[in-house]
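All values below were derived from every heavy atom in this structure, side-chain atoms included, with hydrogens, water molecules and symmetry-related copies excluded.
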Amino acid sequence: MIKKELEKLRTLNATEGMIQALKAAGQETPYAGCKNAYKYRYHLAARCQQLNGILKVSICTREDIEAGIRGPKWDIYLNYEGNEYITRERQKDGSYKWRTSMIQNLDAGYYWQRDYDKYMYINAEGERSIQAILETKNKGYQGIREWQQARKKRIEDEKIKKLTDQWDAEMEPIKDPPPGFEEWWHHKAFDGENYIYYAGAGAKEGYCTSCLDMVTLTTDPKHLEEGSCPKCKTKIHYISRAKRRNDVWARPREVSCVQRYKDGLVQRNFSVRRVDKKDERQINRVEFIISEYERNLIFDNSYKKYKYDDYKRRGMRWCLDSKPRVYRKDDQRMYRKNVKQLLKKIHTSYATAVDHGYKSGLIFFLHRENKYPVIEKVYKAGLYTLGKEIVENAWSLNDIKPDETQRELGKMLRIDKARLQRLKQMNGNVCALLWLQEEKRENTIYRDDDIKTLASAEIEPDTMHESKVFHYLSIEKICNYLIKQKRLRPEMKLESIWNDWNDYISMMKKMKMDCSKELLLKPKDLQVAHNELVAMASMKDAKKEIKKKEKEFKEAQKLLESGELKKYEYQDKHYCIVAPEGITDIYQEGMILKHCIHTCDIYFQRIDIRETYLLFLRRTEDPKKPWYTLEIEPGGNIRQKKSVLNKAYKDLEPAMPFLRKWQKWVQKNLSKEDKELAEKSDQARKDGYRKLREEKKIIWHGELQGTLLADALEDDFMEAIG
């Protein structure tokens, strides 16, 4: 529509009927029980006229009429043949502004202060004309609104169809997954969650969910017992159908496959599940569920990501992901049988990486490789461990600081050719490279065996220089001692030994021991010496520390002494949950189990604000003997389950059904206050995990050394399900 032509159309001022309608008193009451009706009958008044294919609707306001202004506040021009509309709005200074808002949005703010029966007055003839001209079901104001909304939807539908037709054309070449893919994921997708189902006691055969077939049992199985399939050797748990009659659902897994796509490739990502049902033989019938949720189109140096989603609430379909291209590393298993053949025309070192232990999907690798060219050079040079670490942990590039301006790999990694050769020979990781860089900067030579030891323990140069151990011993002596302790305790990781050693020296200083004496500094058995110092430090001034904590955490002590936590106590014939009656109980629990609940103020702080509580899991036959300490939320979620030396052992597994039963019992007995506290605690935990990830906090000692603290805490978390 041409605005200048529209402005020439004659003005439709308010009629006497419109003026009287706006002055009329209201008749309807706002709500049941109200004694007074609304103040006015109408809020706005309008008239319309058909002019040369244009339906003009002029709207007047009560405020203007009361001020003696009969001209319209808004003129709506509806080109009903051209499927378009526009509104001219009069401003306070008498000028006009053009708007594209629909009729209900012209004076939308007024809805918040409604004092009228009906929104707009239009005489009966005008209402019929609007319905006839616009061909709508409704009359008057509602008819205009209906036409404008339909027009908006038609335009939106045309835009969406143009877009979705393009998407459909891009998806059309993608057909069935490659042959063998279905059989592969049926067998391989559920590692760690495979079972052999058998009818009951004395069974001679069972159904293996890895073989997907009946197998002959070579032992007399016990329900929930660990074992391995006698046929495929997969680790399994035995499940008796006499005891487990209901369906068993494996957790959702992610699998992917790669196929050729036009001049490039497509990586298809699926979510899969397996459900095991009891069959007519009282053993097992397995069913599989698969849903494709993502497709990544891969070209020379570009990618497109499609998601299966409900686009604009018009039904599930493949939609182009318009968000920034963020490709995450999933716990995704990829079907690799056809990958090498497909990658012949793609410039990448992915096939080499897969041959040497890389397991994640193609698109994530390609994205990283394209962003960081050093990755391809590293893999081509045979530095497979280094390449894998760089791909999976981009932050490691901040440590090694590769010089991307260089062409030679040695210079790119900031070392010389001789050191690059040594790095290849030891198949060094990021940590080993950092030591070679340090060696070059300091113009010295470290033994290759020492670098390997330091790299195995994840001890970087910065970490070494900041450590307590380095103040007293040379790198050679440090590495020799670590190796000796590793021989004593082969089950322990070198990084765990290293961190225990640093803890040990810190405690030596606290206990005023002479750290310069190597006999004390390097005990024959580090773990024994470490634990002895922990016990000594815990016992020293125990009463003084307890009194200090009782004074500092008054609310926690008050809560414990009140016996309020007794409401969480629960037991069966095997296990029981006991509530502490004071900080002294918590302190004694920590000293006996040799973990940190009595030395870390964070637990008392959480009790103080009722974010979490500490409870004791014990055996019913000996309820006074410390066994496991639980950190729980008010709603029954279990954040942590720790025993001696802050660990969880296999002896906890039989108690897990009891803990689940206890959680359900807690859920049924929650008070309103408990539920409110539970919601706050749940949010606090999520915020805490997010902050830990942002700060990249890691565990510095023990078997989980090097693990992100947030991941370890989430793995130990046990949600209460009512």
Side-chain angles (χ1 to χ4, degrees), residues 1-15 17-19 21-22 40-159:
M1 290 186 286
I2 302 173
K3 295 175 183 177
K4 289 185 178 179
E5 296 298 320
L6 297 177
E7 289 173 340
K8 294 178 182 178
L9 298 177
R10 73 182 184 88
T11 303
L12 301 178
N13 291 324
T15 64
M18 292 166 62
I19 294 171
L22 289 175
Y40 299 106
R41 178 70 172 152
Y42 296 98
H43 173 52
L44 302 173
R47 59 183 294 198
C48 63
Q49 189 174 27
Q50 184 181 10
L51 302 163
N52 301 323
I54 302 294
L55 178 63
K56 179 178 179 180
V57 180
S58 296
I59 304 171
C60 297
T61 68
R62 183 185 307 103
E63 290 78 4
D64 284 348
I65 297 299
E66 290 174 348
I69 301 171
R70 299 186 64 167
K73 171 73 172 177
W74 297 284
D75 290 314
I76 303 176
Y77 302 92
L78 304 169
N79 180 0
Y80 49 87
E81 293 179 353
N83 195 33
E84 56 182 340
Y85 66 88
I86 196 169
T87 299
R88 187 177 69 161
E89 180 182 77
R90 176 168 44 80
Q91 307 298 298
K92 290 183 179 180
D93 61 1
S95 62
Y96 288 92
K97 176 183 177 181
W98 291 96
R99 296 179 61 183
T100 57
S101 301
M102 289 191 284
I103 189 170
Q104 71 268 23
N105 296 325
L106 294 175
D107 192 31
Y110 195 82
Y111 283 105
W112 296 104
Q113 47 181 347
R114 177 177 174 180
D115 58 359
Y116 54 85
D117 295 349
K118 297 181 180 179
Y119 184 62
M120 186 178 293
Y121 166 79
I122 302 176
N123 64 26
E125 183 181 353
E127 288 193 333
R128 288 193 296 271
S129 296
I130 289 170
Q131 183 183 39
I133 294 168
L134 300 182
E135 298 180 350
T136 57
K137 293 181 180 179
N138 295 297
K139 300 177 180 179
Y141 161 74
Q142 293 295 344
I144 297 170
R145 183 174 177 176
E146 176 190 334
W147 184 87
Q148 287 182 329
Q149 288 177 332
R151 179 258 181 194
K152 180 182 179 182
K153 187 176 185 302
R154 283 194 298 274
I155 293 175
E156 190 176 71
D157 286 346
E158 289 173 4
K159 289 181 180 178

* Asked: What do you reckon, is CD of Glu135 surrounded by more than 12 foreign heavy atoms closer than 6.0 Å?
  ->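 Atom CD in Glu135 is not crowded, with 12 or fewer foreign heavy atoms closer than 6.0 Å.
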Is the number of heavy atoms from other residues, nucleotides or ligands within 6.0 Å of CD (Glu125) greater than 12?
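At most 12 heavy atoms, drawn from other residues, nucleotides or ligands, come within 6.0 Å of this atom.
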Which heavy atom in [X] sits nearest to a heavy atom in [Y], and how many Å separate them?
X      : Y      : answer
Tyr119 : Asp107 : OH-CB, 3.6 Å
Ala21  : Tyr121 : CB-CG, 3.6 Å
Ser58  : Pro72  : CB-CB, 3.7 Å
Gly140 : Ile130 : O-CG2, 3.6 Å
Cys60  : Arg70  : SG-O, 3.7 Å
Ala14  : Ile19  : CB-CG1, 4.2 Å

How long is the straight-line distance from CG of Leu9 back to CG of Leu51, given to the nearest 0.5 Å?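 The distance works out to 5.5 Å.
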With rounding to the nearest 0.5 Å, note down the distance linking CH2 in Trp98 to CD1 in Ile86.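 These two atoms lie 5.5 Å from each other.
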Within the 4.5 Å heavy-atom criterion, are [X] and [Y] side-chain neighbours or not?
X      : Y      : answer
Gln149 : Gln104 : yes
Leu55  : Cys48  : yes
Lys73  : Ile59  : no
Ile76  : Leu106 : yes

- Message: Between Asp64 and Arg90, does any NZ, NE, NH1 or NH2 come within less than 4.0 Å of an OD or OE carboxylate oxygen?
- Response: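 The answer is yes: the pair qualifies as a salt bridge.
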Between Lys159 and Glu156, is the closest basic N to carboxylate O distance under 4.0 Å?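 A salt bridge is absent here (no side-chain N lies under 4.0 Å from a carboxylate O).
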Q) Between Thr61 and Leu44, does a side chain to side chain contact (heavy atoms under 4.5 Å, CB included) hold up when you go through it step by step? A) CA-CA 5 Å; Thr61 68; Leu44 302 173; 3.8 Å; yes
Dump the intermediate steps for side chain to side chain contact (heavy atoms under 4.5 Å, CB included) on Asp115 and Tyr40, then the final yes or no.
CA-CA 6 Å; Asp115 58 359; Tyr40 299 106; 3.7 Å; yes
Next item on the list: Determine, stepwise, if the pair Trp147 / Asn83 fulfils side chain to side chain contact (heavy atoms under 4.5 Å, CB included).
Entry: CA-CA 9 Å; Trp147 184 87; Asn83 195 33; 4.3 Å; yes
Counting N and O atoms only, with roles assigned by atom type, does the side chain of [X] sit under 3.5 Å from a partner on the main chain of [Y], one being a donor and the other an acceptor?
X      : Y      : result
Arg62  : Leu22  : yes
Lys56  : Arg10  : yes
Gln131 : Gly143 : no
Glu146 : Asn138 : yes
Gln91  : Glu89  : yes

* Cut-off 3.5 Å, side chains only: do Asn13 and Thr11 have a donor facing an acceptor? ->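 No, no side-chain donor-acceptor contact under 3.5 Å.
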Original post:
Going by atom types only, do Tyr77 and Glu5 share a side-chain donor-acceptor pair under 3.5 Å?
Top reply: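 No pair is found: no donor N or O on one side chain lies under 3.5 Å from an acceptor on the other.
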### Task
Under the side chain to side chain contact (heavy atoms under 4.5 Å, CB included) rule, what do Arg99 and Trp74 come out as? Steps first, then yes or no, please.
CA-CA 10 Å; Arg99 296 179 61 183; Trp74 297 284; 4.0 Å; yes
